[in-house]
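Chain identifiers are assigned alphabetically (A, B, ...) following the order of the sequence lines, protein sequences preceding nucleic acid strands; residue numbering begins at 1 within each chain. Excluded from the calculations below are hydrogen atoms, water molecules and symmetry mates; all remaining heavy atoms, backbone and side chain alike, are included.
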Amino acid sequence: MSSLHLYDTLSRTTSPFTPLKEGEVGIYLCGATVQAPPHIGHVRSGVNFDILRRWLMKSGYNVTFIRNVTDIDDKILHKAVHEKAPWWAVAMKYERAFTDAYAALNVLPPTYEPRATGHVTQMIALMQLLIERGMAYAPGNGDVYLEVRKLESYLTLSRQKLDDLQSAADADETFKRDVRDFALWKAAKPGDPSWPTPWGAGRPGWHLECSAMAQAYLGEEFDIHGGGLDLIFPHHENEIAQSEAAGYGFAKRWLHNAWVTASGEKMSKSLGNSLQVHELLKTVRGIELRWYLGSAHYRSMLEFSHEALAESSVAFRRIESFLLRSVEILGQEPTPVLGTAFIDAMNDDLAVPTALASISESLRLGNSAITSGNKSVIATSANEIRGALEVLGCDPFDPAFASASTSDDVTTALDGTIKLALAQREAARVRKDFESSDAIRDGLTALGIVIEDTAQGPRWSISRKTEGSGS
RNA sequence: GGUGGAAUGGCCGAGAGGCGAGGCAAGGGACUGCAAAUCCCUCUACACGGGUUCAAAUCCCGUUUCCACCUCCA
């Protein structure tokens, strides 16, 4: 039996995962800056780390999962001006949009989801500590800076040299001891929201909040820190700087997810709104979008295309369809079980693509068993597939997806109606009146109802549109 | 300029010295009244040039192209 190995950005190697405290795992994931609706790149990060979390849970760990919300920052303030709304209303609006998107994709809610603005007290305490330790300074303009040259380990995550960094075009050297020193705290500008501190009123710098909140919820030292690749520098580098300057052990392991790209490039606003989560959910179900986003390895770029998404949906429906048929045949939902091949793949730095190959194998065996009527093989396959889908967060029987097997009044009525039509069709087929039987089937097809003749008799399902439109 | 990543069959996407992951598409076949679904078979790929090795997609050297980060980024 294999054991979990994970990659670590800091060492750039894959190594056995050992938690600080047996049976417990603490994860901090950098969440969204809530200044615009989520696009699929944002939620890919959520899905990737949700799969990690689920796998850790399945492996028997008690996982404390923190994902923060950055609800105060320059972009939010700009957006507030643009939308003629208070900054906090803008932040709330987009935070809800993110929450909805995560929910639609069955991303488990974090254990705690701290907002930056709710942790100013912790941030001030951290700054105080940093100043006392001589690592940070308040030059009197209301800003507070971290003195990066005092840190041996600065830039070890991104493996850069301090002197190689290009200095920011707008760097203000008046108050900084070194251009590369970064702001822990930013002095208030007229009209902007601010919080009082011993060094003057202002608002948090982006990096400070994560160090403060990680410490507040996970302690000075914790197991895994995650985020998108683009956060390595400066964000995570600066988090390390702050936390280590404070004397904290901080994150033992760093995991970074790659981007969703479009036309080979990192997704950005210039690509328009079409890749926003709520837009894509008009073409595929949440479970299918999740399947797509989760199917590539988390450290690989995922090149988005509507065609690939549609194709991925079709593949998922094949699996789903087998599970639903297994329920019809066996009369009960499958019991989630994990196959060895799946376990080994997941333990190998969450090798989801390899894990999917094991699902395909089970699917093939299961479908063959349906043809041959071997119920025990059907059950084995269905159980293993459901076990795998559960870890991937794509279990069709998960109530989160309000699955296809609902049995409300409308569904019951519809099922009865269609079965009536199918009975007519069967009668026509028996008397070899294929013109009539085909007319019934064509009629149903026109209504979006797909008929399949199986060894167990005809079955029906609602056909789902696959809109591979665009480009 | 610095740092990091990538190039795999029609497409998507794994792998990381020897046994051709998997999916989708396409073609053929089985089953079927016909479809659909399902199963079987086929389609033998690793940017380029050198090198190491019995053996290279994988290691080494060089080259090309692309992407990202360098204080807004999932």
**Q** Apply ring-ring contact (aromatic ring centres under 6.0 Å, His included) to A:F322 and list each qualifying residue two or more places apart in sequence or on a separate chain.
**A**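 Here no residue qualifies.
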**Q** When the P atoms of B:C59 and B:A6 are considered, how many whole Å apart are they?
**A**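 That atom pair is separated by 10 Å.
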**Q** Using a 4.0 Å heavy-atom cut-off, does A:N257 contact any base of the nucleic acid, only the sugar-phosphate backbone, or nothing at all?
**A**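 The answer is base, as A:N257 lies within the cut-off (heavy atoms under 4.0 Å) of a base atom.
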**Q** Quick one: what's the B/S/- string for nucleotides 21-29 of chain B, heavy-atom cutoff under 4.0 Å, read 5' to 3'?
**A** BSBB-----
**Q** Between the side-chain atoms of A:R441 and the base atoms of B:A35, is any donor-acceptor pair under 3.5 Å?
**A**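 Donor-acceptor pair under 3.5 Å: yes.
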**Q** Give A:V43 one of three labels, base, sugar-phosphate or nothing, depending on what nucleic acid heavy atoms sit under 4.0 Å from its own.
**A**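 No contact.
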**Q** Scan residues 366-393 of chain A for pairs that pass salt bridge (charged side-chain N to carboxylate O under 4.0 Å, His left out), counting only residues two or more places apart or in two chains.
**A**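 Every pair satisfying salt bridge (charged side-chain N to carboxylate O under 4.0 Å, His left out) with a residue in residues 366-393 of chain A: A:K58-A:E390, A:E333-A:R386, A:R386-A:D395.
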**Q** Is there, by distance only and without an angle test, a donor paired with an acceptor across the side chain of A:N48 and the base of B:A74 below 3.5 Å?
**A**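 Answer no: no donor N or O sits under 3.5 Å from an acceptor.
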**Q** Within the structure shown, what part of the strands sits under 4.0 Å from A:I451 by heavy-atom distance: base, sugar-phosphate, or nothing?
**A**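 Counting heavy atoms under 4.0 Å across all strands, the contact made by A:I451 includes a base.
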**Q** Run the side-chain donor-acceptor check on residues 435-444 of chain A: report pairs under 3.5 Å with partners two or more places apart or on a different chain.
**A**
| residue | atom | partner | partner atom | Å |
| --- | --- | --- | --- | --- |
| A:S436 | OG | A:D433 | OD1 | 3.1 |
| A:S436 | OG | A:D433 | OD2 | 2.4 |
| A:S437 | OG | A:F434 | O | 3.1 |

**Q** Okay, side chain of A:S295, backbone of A:Y292: is any donor-acceptor separation there less than 3.5 Å?
**A**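 Confirmed, A:S295 side chain pairs with A:Y292 backbone.
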**Q** Looking at B:A36, B:G4, B:C70, which one has an atom nearest to any side-chain atom of A:Q160?
**A**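 So the side chain of A:Q160 is nearest to B:C70.
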**Q** Output the single nucleotide from B:C39, B:G4, B:U71 whose closest atom is nearest the side chain of A:N238.
**A**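 Nearest to the side chain of A:N238 among the choices is B:U71.
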**Q** Say you pick atom C1' in B:C24 and the same atom in B:G13; how far apart are they, in whole Å?
**A**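 Per the computed distance, 10 Å lies between those C1' atoms.
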**Q** Taking only the C1' atom of each, what is the distance from B:U3 to B:C41 in whole angstrom?
**A**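 It works out to 49 Å between them.
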**Q** Want to settle it: does A:T33 or A:R299 sit nearer the 5' end of RNA chain B, counting the closest nucleotide to each?
**A**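 Result: A:R299.
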**Q** Which whole number of Å gives the distance between the C1' atom of B:A45 and that of B:A57?
**A**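 Pairwise C1' distance, B:A45 against B:A57, rounds to 9 Å.
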**Q** Looking at the base of B:C70, is there any donor atom on it, or on the side chain of A:D230, that sits under 3.5 Å from an acceptor on the other one?
**A**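 Result: no qualifying N/O pair found.
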**Q** Which part of the nucleic acid, if any, lies within reach of A:H297 when heavy atoms closer than 4.0 Å are counted: base, sugar-phosphate only, or nothing?
**A**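 The answer is sugar-phosphate, as A:H297 gets under 4.0 Å only of primed atoms, P, OP1 or OP2.
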**Q** Can you check the distance between B:C67 and B:C61, where both ends of the measurement are the C1' atom (answer in whole Å)?
**A**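 About 24 Å, rounded to a whole number of Å.
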**Q** With A:D73, which residues qualify under salt bridge (Lys or Arg N to Asp or Glu O under 4.0 Å), at least two apart?
**A**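 For A:D73 there are no salt bridge (Lys or Arg N to Asp or Glu O under 4.0 Å) partners, ignoring immediate neighbours.
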**Q** Could you check whether A:H39 and A:F304 have their ring centres less than 6.0 Å apart?
**A**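 No; A:H39 has its ring centre 6.0 Å or more from that of A:F304.
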**Q** Determine the interatomic distance between P on B:C12 and the same-named atom on B:G2; round to the nearest Å.
**A**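 Between the two P atoms, the distance is 32 Å.
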**Q** Strictly by modelled atom types, are A:E303 and A:T261 linked by a side-chain donor-acceptor pair under 3.5 Å?
**A**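 A:T261 and A:E303 do have a side-chain donor-acceptor pair below 3.5 Å.
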**Q** Which residue pairs satisfy the salt bridge (charged side-chain N to carboxylate O under 4.0 Å, His left out) criterion with at least one member in residues 103-116 of chain A, sequence neighbours excluded?
**A**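 Pairs touching residues 103-116 of chain A that pass the test: A:R67-A:E113, A:E95-A:R115.
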**Q** Does anything in residues 92-104 of chain A come within less than 4.0 Å of RNA chain B? Heavy atoms only, and list the residues if so.
**A**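 By residue number: none to list.
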**Q** What's the closest nucleotide to the A:D438 side chain, out of B:U71, B:C34, B:A14?
**A**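 Between B:U71, B:C34, B:A14, the one nearest the side chain of A:D438 would be B:C34.
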**Q** Please state the C1' separation for the pair B:A47 and B:A7 - nearest whole angstrom.
**A**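 Comparing C1' positions in B:A47 and B:A7 gives a spacing of 6 Å.
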**Q** Could you measure between the two C1' atoms, the one in B:C69 and the one in B:G10, and give it in whole Å?
**A**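 The same atom, C1', in both gives a distance of 34 Å.
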**Q** Between B:U3, B:A36, B:G33, which one does the side chain of A:F434 approach most closely?
**A**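 Nearest listed nucleotide: B:G33.
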**Q** Go through the structure and list residues passing salt bridge (Lys or Arg N to Asp or Glu O under 4.0 Å) with A:R299, not counting sequence neighbours.
**A**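 A:R299 satisfies salt bridge (Lys or Arg N to Asp or Glu O under 4.0 Å) with A:D349 once adjacent residues are dropped.
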**Q** Mind checking ring-ring contact (aromatic ring centres under 6.0 Å, His included) for A:Y7 and listing every partner two or more places apart, or none if nothing turns up?
**A**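 A:Y7 satisfies ring-ring contact (aromatic ring centres under 6.0 Å, His included) with no residue once adjacent residues are dropped.
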